[in-house]
Protein chains: 2
Amino acid sequence: MSRFDKIEPNALFKALESATPADTLPSTGKLLDVVRFNEDGLLPAIAQQYDTGEVLMMAWMNREALEETLTTQRVCYYSRSRQKLWRKGETSGQQQQLKTAALDCDGDTLLLKVDQTGPACHTGRRSCFYISLDAHKALISSVPLIDPEALYGKK
Amino acid sequence: MSRFDKIEPNALFKALESATPADTLPSTGKLLDVVRFNEDGLLPAIAQQYDTGEVLMMAWMNREALEETLTTQRVCYYSRSRQKLWRKGETSGQQQQLKTAALDCDGDTLLLKVDQTGPACHTGRRSCFYISLDAHKALISSVPLIDPEALYGKK
């Protein structure tokens, strides 16, 4: 039992704002009941390499993907284009091993610390964030680690 | 001029996958014309502390917010609840100074490296990601740096 178990579902994240590391929190299952998935049932999930801190990618999870990720420790997203679960690395081999997962203050975004095998990006780059912008100009900031055609078995 | 200027708008991010740091890219203005804002005209923007690598928060930007951020180097989001531009720190004083900005491979997410003054989170914590989850249990992983009532002038 947790002192937060009696809180109305729509007030739970507000109540957790004043919680401390000493508090017993509701179970993960109860938290997932009130997580603020968007109108498509999805949460944005940021993947960060756990030891270097590099932000690798952002993708989406439905409840099933998040539960599978927490259970198996292998990151599974929901592919909006393919409309199905997407076990990261199932085609490319470039898996993400989950280290830690955290929800944000209002329960609508996830931060995953992961151990990424090779490139996270389908272009073969380590990170998806490679188009640097300033007020006027843009620049490609990284190069592929691996030819993407090799990643997806075309070579 | 850039060799990418002749590419059809909906094929530009695909064409940039094979671009290199030596390429001259379309201007920021031209890229923003094809950035994949969602149906509400918004992009998710991840804020990361530039030197420590800590992921601080995720919020949303419309084109105006992104242009202002790139021009002023002070991070401006779009508040979905207030439906207006939200110059981070305008109430709390906890500003974000932009260091670098990057789009991801498919042009629908931003990574901002920032220098955050004090806490990024409205709860007074440094980062918004403080509700750690495993398959069964949840735990609060950080405490406020500042009493949130002090941040918002109630004390």
Side-chain angles (χ1 to χ4, degrees), chain A residues 13 16-32 44 46 48 52-55 57-58 66-67 70-73 100-111 113 121-125 127-144 148, chain B residues 13 16-32 44 46 48 52-55 57-58 66-67 70-73 100-111 113 121-125 127-144 148:
Chain A
F13 284 102
L16 291 180
E17 291 181 2
S18 57
T20 76
D23 275 307
T24 300
L25 262 53
S27 68
T28 295
K30 284 184 182 169
L31 280 172
L32 296 192
I46 302 160
Q48 181 181 32
T52 65
E54 186 173 19
V55 175
M57 58 183 285
M58 198 280 273
L66 176 51
E67 288 178 332
L70 294 173
T71 303
T72 65
Q73 307 281 301
T100 61
L103 283 167
D104 72 343
C105 48
D106 50 4
D108 67 2
T109 306
L110 279 163
L111 176 62
K113 295 195 183 182
C121 184
H122 75 288
T123 65
R125 292 174 177 86
S127 162
C128 292
F129 296 97
Y130 59 81
I131 307 173
S132 293
L133 293 179
D134 69 18
H136 307 290
K137 296 184 311 296
L139 191 73
I140 299 292
S141 59
S142 69
V143 296
Chain B
F13 285 103
L16 291 180
E17 291 181 2
S18 57
T20 76
D23 275 308
T24 299
L25 261 53
S27 67
T28 295
K30 284 184 180 168
L31 281 173
L32 295 193
I46 301 160
Q48 180 181 32
T52 65
E54 185 173 21
V55 175
M57 58 182 285
M58 198 279 273
L66 176 51
E67 288 178 332
L70 293 173
T71 303
T72 65
Q73 306 283 299
T100 61
L103 282 166
D104 73 344
C105 48
D106 49 5
D108 66 3
T109 307
L110 279 163
L111 176 62
K113 295 195 182 181
C121 184
H122 76 289
T123 65
R125 292 174 177 86
S127 162
C128 292
F129 296 96
Y130 60 81
I131 307 173
S132 293
L133 293 180
D134 68 19
H136 308 290
K137 295 185 310 298
L139 190 74
I140 298 292
S141 60
S142 69
V143 296

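As the structure is a prediction and not an experimental result, all values here were calculated from the model. The sequence lines fix the lettering, A, B, ..., with proteins before strands; numbering per chain opens at 1.
Of all the listed residues (Pro26(A), Gly29(A), Pro21(A)), the one sharing the greatest number of non-hydrogen pairs under 4.5 Å with chain B is Pro21(A). Top candidate by heavy-atom pairs under 4.5 Å with chain B, chosen from Ala101(A), Gly53(A), Ser127(A), Gly107(A), is Ala101(A). Of the listed residues (Cys105(A), Pro44(A), Ala22(A)), the greatest number of heavy-atom pairs within a distance under 4.5 Å of chain B belongs to Cys105(A). Ranked by heavy-atom pairs under 4.5 Å with chain B, the list Thr71(A), Leu110(A), Ile46(A), Leu31(A) is led by Ile46(A). By number of non-hydrogen pairs under 4.5 angstrom with chain A, the leading residue of Asp23(B), Leu25(B), Leu66(B) is Leu25(B).
In this structure, no portion of Thr100(B) lies under 4.5 Å from any heavy atom of chain A. Both the backbone and the side chain of Leu16(B) have a heavy atom closer than 4.5 Å to some heavy atom of chain A. Proximity to chain A is absent for every atom of Asp106(B), based on heavy atoms less than 4.5 angstrom apart. Proximity to chain A is limited to the side chain of Gln48(B), based on heavy atoms less than 4.5 angstrom apart. Looking at Thr123(B), the atoms closer than 4.5 Å to chain A (heavy atoms on both sides) all sit in the side chain, from C-beta outward.
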Show me the side-chain donor-acceptor pairs of residues 135-144 of chain A shorter than 3.5 Å, one per line, residues at least two apart or across chains.
| unit_1 | atom_1 | unit_2 | atom_2 | d |
| --- | --- | --- | --- | --- |
| Lys137(A) | NZ | Asp134(A) | OD2 | 3.4 |
| Ser141(A) | OG | Tyr130(A) | O | 3.2 |

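Rounding to the nearest 0.5 angstrom, the gap separating the CG atom in Asp104(A) from the SG atom in Cys121(B) is 8.0 Å. Taken from NE2 in His122(A) to CD in Glu17(B), the straight-line distance is 3.5 Å, to the nearest 0.5 Å. Note: Leu111(A) CG to Met58(A) CE = 12.0 Å, rounded to the nearest 0.5 Å. In this structure, CG in Leu133(B) is found 11.0 Å from CD in Glu67(A), a value given to the nearest 0.5 Å.
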Verify side chain to side chain contact (heavy atoms under 4.5 Å, CB included) between Thr28(A) and Leu70(A), making sure each step is shown before the conclusion. CA-CA 10 Å; Thr28(A) 295; Leu70(A) 294 173; 3.9 Å; yes
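What you find for Cys128(B) and Met57(B) is that their closest heavy atoms are SG-CB, 3.7 Å.
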